[in-house]
Q: 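Structure provided below as structure tokens; questions to follow.
Convention: sequence-line order gives letters A, B, ...; per-chain numbering from 1.
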Amino acid sequence: MSEFTRNDQELRRFEELEQLRAAGINPYPPVFEKTHSSSSILSTFSDDQPEILNDVTVAGRIMAIRKMGKATFCHIQDAEGKIQIYLKKDDLPIFYEYLHLLDIGDIIGITGYVFRTRTGEVSVHARSAMLLCKSLTPIPIAKEETDEHGNKIIHDAFADKELRYRRRYVDLIVNPQIRDTFRKRSKIISTMRRFFDDQGWMEVETPILQPLYGGASARPFVTHHNALDIELYLRIALELYLKRLIVGGFEGVYEISKNFRNEGMDKTHNPEFSMLEIYIAYKDYIWMMEMTEQLISTISQETNGSQTVEINGKTIQLAPPYRRASMFDLLSDATGMNLRNLTRDELHSAARKLNVEVESTASQMKILDEIFSECVQPSLIQPTFVMDFPVEMSPLAKAHRTEPGLVERFELYVNGSELTNCFTELNDPIDQRKRLEEQAASRADGDDEAMTLDEDFLYAIEVGMPPTAGLGIGIDRLVMLLTGEESIRDVLFFPQMKPL
RNA sequence: GAUCCCGUAGCUCAGUGGUAGAGCAUCUGACUUUUAAUCAGAGGGCCGAUGGUUCGAGACCAUCCGGGAUCACCA
């Protein structure tokens, strides 16, 4: 980036690097053996028995230097936090000679004993010190102050959102509190895996590059395979391949992986995003509701040590059971109208009465969806299973066992947004073909998000899939819920950005 | 795609028509338990880009580029 226009601070660091090399110091040694982390020292230290920590070796990035002539204090930051280092010229005659060549951002290793300073901070008094990595470009310096009320004040924080996303590695150094979000993300996914593995369900991998895409309504990314000279699509969902594996005889399979959708970006959409999909043979969506409750509450407990989360002053209760309500009951509760089995014209006039704006060309499903999004969805703060959708909205879900025109499907809403999607999977090959042919027809009519007709998938369903329940969870949104982050960009290390 | 806001030093920001500023960071000096260390001094800028108005533009106008927020699209 600044490859050709180094600023004065960078140029000076290059000079320092040469001086260090000239002095016989390797600025990039290959290995360093730590014995302690910053947090382990801080939690172990005892004023009564300081000798317990008489010989510790720590390493980290220099975040602050306070030089006082023949003694210097600095703070180093490692994966777990910061600790103060006390460097005294008398104890480190050689290291102290080139201390002036070190900067904030450099990584050093220290061996010494732990003590408490006069002002009360547990610190490492260095007996030896060495440079582990010379930093050639300055990082923004955030300074923290604690005022008389104990409030933490941060000065000169690295706050430019764009730069923070583009240079996440700097963000992670300078704003280490965001590491917690990503630790939680990792914990959420590992807890999920363990939950499934404990049940004997198998993690699988299916193609990302697909000759046909399906399993959701979305526009795909297109790429090209040179050797075969064909177009390939980046998958928009995992569903159709995972169902093929249920056909193949596995009775519980799941995949946690990226999906790709070629659509707009905003606070809840990134072009690539992480999904869990899981399919369990011989189960239905009622069973899957209970499983989902157990899964979400377990993940919350493991991640936050609690089954409630606070978001914008709202306390959200994630302990089971969750409210269950049919889509049309929720609609009639919210609007005072029965919207089931209405014609398109009737739905248009209902939308007008409700002040819900819809395009004049909107289909029945589109209008229902709009009314639901406007009138019902924002009120679904506590976890709610919204059940039993119109068949036209769900071409891969099984017809409802008692309600004509509906399918056995639920979406779990929490804090006003959709978190999961589930159905009793359609395994009637005749019905499945009919539904996908209808999709193909609306596709031919210009709906470029309607599903494509995947003959091989239909063949698999004809071979025969046992009764099966399937569940999808948007991992990023789950992470947002459990970390309180309001933008998907804040739960992705490297959100999609426009190229510079 | 629409509307609003933003773009000035490495970072955070001030500067509403008259010689480019502050704090931190950086450099020099002092200081052997400091902690936003302190004290004394110094360097650092194509004010996002281009065009215009003006005697004079960082500021006003236009266009463009980049970003943010809200909305629309999108599950």
Side-chain angles (χ1 to χ4, degrees), chain A residues 1-2 5-13 15-16 63-75 82-92 96 100 103-105 115-125 135-147 152-167 170-171 174-175 215-219 236-237 259 261-271 273 275 357-359 365-366 369-370 372-373 377 386 389 393-394 411 413 417-421 448-449 472 474 477 486-487 489 497-500:
Chain A
M1 165 141 297
S2 44
T5 53
R6 299 281 182 191
N7 65 40
D8 60 330
Q9 293 195 35
E10 290 167 335
L11 290 172
R12 187 186 51 72
R13 285 168 186 236
E15 283 166 22
E16 288 171 347
M63 299 303 288
I65 302 180
R66 291 178 293 281
K67 197 168 178 185
M68 311 180 53
K70 298 188 179 63
T72 294
F73 289 89
C74 62
H75 273 98
K82 290 182 189 171
I83 192 161
Q84 181 168 260
I85 307 294
Y86 180 53
L87 304 160
K88 209 166 138 183
K89 185 173 184 184
D90 296 346
D91 299 334
L92 302 159
Y96 218 88
H100 70 283
D103 290 292
I104 289 171
F115 73 112
R116 188 182 293 277
T117 64
R118 202 155 60 192
T119 49
E121 179 160 351
V122 175
S123 309
V124 179
H125 186 135
S135 169
L136 291 179
T137 191
I139 56 174
I141 307 302
K143 294 216 166 192
E144 288 178 12
E145 179 185 20
T146 308
D147 68 12
K152 205 179 247 188
I153 301 169
I154 298 179
H155 302 267
D156 300 326
F158 179 51
D160 183 310
K161 284 226 162 196
E162 185 198 353
L163 270 181
R164 290 182 55 194
Y165 296 139
R166 288 191 191 278
R167 299 203 182 131
V170 176
D171 194 24
V174 178
N175 298 312
S217 302
R219 281 187 288 265
I236 59 171
N259 285 349
R261 297 190 184 175
N262 206 339
E263 289 164 353
M265 296 156 54
D266 61 27
K267 278 203 322 195
T268 57
H269 296 84
N270 195 66
F273 62 101
M275 279 288 286
E357 283 184 34
V358 288
E359 290 185 23
M365 293 311 118
K366 181 72 193 159
D369 195 27
E370 283 296 324
F372 186 85
S373 301
Q377 193 173 330
V386 178
F389 290 66
M393 282 178 159
S394 317
E411 291 182 339
Y413 282 82
S417 74
E418 180 198 337
L419 194 61
T420 78
N421 187 16
D448 57 0
E449 294 197 345
R477 294 187 188 172
E486 293 187 350
S487 170
R489 291 180 155 193
M497 304 290 285
K498 282 193 199 177
L500 288 173

Q: Ring centres under 6.0 Å, that's the criterion: do Phe372(A) and Phe389(A) meet it?
A: no

Q: Judged by each residue's nearest nucleotide on RNA chain B, which is more toward the 5′ side, His100(A) or Gly69(A)?
A: His100(A)

Q: Decide yes or no on side chain to side chain contact (heavy atoms under 4.5 Å, CB included) for Arg489(A) and Met265(A), but give the supporting numbers first.
A: CA-CA 10 Å; Arg489(A) 291 180 155 193; Met265(A) 296 156 54; 3.8 Å; yes

Q: Under 4.0 Å, heavy atoms only, any strand: does His75(A) hit a base, just the sugar-phosphate, or nothing?
A: base

Q: Compare the minimum distances between each of C11(B), C74(B), A75(B) and the side chain of Ser217(A), then state the nucleotide with the smallest one.
A: A75(B)

Q: To the side chain of Lys70(A), which of C31(B), U26(B), U33(B) is closest?
A: C31(B)

Q: Do Gln9(A) and Asp103(A) have side-chain heavy atoms sitting under 4.5 Å apart?
A: no

Q: Tell me: CG of Leu11(A) to C1' of A25(B), nearest whole Å?
A: 16 Å

Q: With rounding to whole Å, what would you report as the distance between G17(B) and U54(B) at their C1' atoms?
A: 9 Å

Q: Please determine, for the side chain of Asp266(A), which listed nucleotide (A37(B), C73(B), U35(B)) has the closest atom?
A: C73(B)

Q: Can you measure Arg164(A) atom CZ to G68(B) atom P for me and round it to whole angstrom units?
A: 13 Å

Q: What about Asp90(A), does its side chain sit under 3.5 Å from the base of U32(B) through a donor-acceptor pair?
A: yes

Q: Answer whether the closest heavy-atom distance between the side chains of Ile85(A) and Val124(A) falls below 4.5 Å.
A: yes

Q: Side chain of Arg118(A), heavy atoms from C-beta onward: which of C74(B), U34(B), C27(B) has the nearest atom to it?
A: U34(B)

Q: Without placing hydrogens or testing angles, list every side-chain donor-acceptor pair under 3.5 Å for residues 66-74 of chain A, not counting sequence neighbours.
A:
from	atom 1	to	atom 2	distance (Å)
Arg66(A)	NH2	His75(A)	ND1	3.3
Arg66(A)	NH2	Gln84(A)	OE1	2.7
Thr72(A)	OG1	Tyr96(A)	OH	2.7

Q: Can you tell me if Lys366(A) touches the phosphate of C74(B), counting only side-chain N or O atoms and a distance under 4.0 Å to OP1 or OP2?
A: yes

Q: Would you mind telling me which residue lines up with the more 5' stretch of RNA chain B, Asp103(A) or Phe73(A), judged by nearest nucleotide?
A: Asp103(A)

Q: What interatomic distance, in whole Å, is found between P of A40(B) and the corresponding atom of G51(B)?
A: 45 Å

Q: I want to check one thing: is the phosphate of A37(B), taken as OP1 and OP2, less than 4.0 Å away from some side-chain N or O of Arg66(A)?
A: yes

Q: Please give the distance between the C1' atoms of C39(B) and U34(B) as a whole number of Å.
A: 15 Å

Q: Within a strict 4.5 Å, meaning less than it, do heavy atoms of the Pro140(A) and Val170(A) side chains meet?
A: yes

Q: Using a heavy-atom cut-off of 4.0 Å across all strands, would you classify Lys88(A) as base, sugar-phosphate, or nothing?
A: base

Q: May I ask which nucleotide in the shown strands pairs with A75(B), Watson-Crick or G-U wobble, both distances under 3.5 Å?
A: none

Q: Look at all strands and tell whether Asn421(A) reaches a base, only sugar-phosphate, or nothing, counting heavy atoms closer than 4.0 Å.
A: nothing

Q: Can you tell me which nucleotide in C74(B), U34(B), U32(B) comes closest to the side chain of Thr119(A)?
A: U34(B)

Q: According to the Watson-Crick and G-U wobble definitions, with both distances under 3.5 Å, which nucleotide is paired to A25(B)?
A: none

Q: So which nucleotide does C60(B) pair with, by the Watson-Crick or G-U wobble rule with both distances under 3.5 Å?
A: G52(B)

Q: Across all strands shown, which nucleotide pairs with G66(B) by Watson-Crick or G-U wobble geometry, both distances under 3.5 Å?
A: C6(B)

Q: Nearest whole angstrom, please: distance from the C1' of C39(B) to the NZ of Lys67(A).
A: 16 Å

Q: Mind checking if Glu486(A) touches a base, just sugar-phosphate, or nothing, with heavy atoms under 4.0 Å?
A: nothing

Q: Could you tell me the Watson-Crick or G-U partner of A30(B), where both distances fall under 3.5 Å? Say none if there is no partner.
A: U38(B)

Q: Please answer whether the main-chain N or O of Leu419(A) pairs with a side-chain N or O of Arg477(A) as donor and acceptor at a distance below 3.5 Å.
A: no

Q: Please confirm whether the shortest side-chain N or O distance from Arg219(A) to OP1 or OP2 of C74(B) is below 4.0 Å.
A: no

Q: If I take atom NZ in residue Lys89(A) and atom P in nucleotide U33(B), what distance separates them, rounded to the nearest angstrom?
A: 15 Å

Q: So if I take every side-chain heavy atom of Glu411(A) and compare against U35(B), G10(B), A75(B), which nucleotide ends up nearest?
A: A75(B)

Q: Specify the separation, in whole Å, of atom CD of Glu10(A) and atom P of A25(B).
A: 18 Å

Q: Can you tell me how far P in U70(B) sits from the matching atom in A57(B), rounded to whole Å?
A: 38 Å

Q: Output the rounded distance in Å from CG (Leu136(A)) to C1' (U26(B)).
A: 15 Å

Q: Side chain of Thr117(A) only, heavy atoms from C-beta on: which candidate in C74(B), U35(B), A75(B) is closest?
A: U35(B)

Q: Which nucleotide, U35(B), C73(B), G67(B), lies nearest any side-chain atom of Gln84(A)?
A: U35(B)

Q: Side chain of Ile141(A), heavy atoms from C-beta onward: which of C27(B), U34(B), A25(B) has the nearest atom to it?
A: A25(B)

Q: Need one value for Lys267(A): base, sugar-phosphate or nothing, where a base atom within 4.0 Å counts as base even if backbone is also close, heavy atoms only.
A: sugar-phosphate

Q: Give a yes/no answer on whether the side chain of Arg12(A) brings an N or O atom under 4.0 Å of OP1 or OP2 in G43(B).
A: no

Q: Sticking with atom C1', work out how far G68(B) lies from U50(B), rounded to a whole angstrom.
A: 24 Å

Q: Return the value, rounded to whole Å, for the distance between atom CD1 of Ile85(A) and atom C1' of U33(B).
A: 14 Å

Q: Could you give the distance separating A14(B) and A9(B) at their P atoms, to the nearest angstrom?
A: 12 Å

Q: What integer number of Å spans the P atoms of G41(B) and U53(B)?
A: 46 Å

Q: Should G44(B) form a Watson-Crick or G-U wobble pair with both distances under 3.5 Å, which nucleotide is its partner?
A: none

Q: Distance between the P atoms of G45(B) and G52(B), in whole angstroms?
A: 27 Å

Q: Report the relative orientation of the aromatic rings in Tyr86(A) and Phe115(A); use parallel for angles under 30°, tilted for 30 to 60°, perpendicular for over 60°.
A: tilted

Q: May I have the distance from Glu263(A) (atom CD) to A72(B) (atom P), rounded to whole angstrom?
A: 16 Å

Q: Please check if the side chain of Thr119(A) supplies one atom and the backbone of Thr117(A) the other of a donor-acceptor pair under 3.5 Å.
A: no

Q: Strictly by Watson-Crick or wobble contacts shorter than 3.5 Å, is anything paired with U19(B), and which nucleotide is it?
A: none

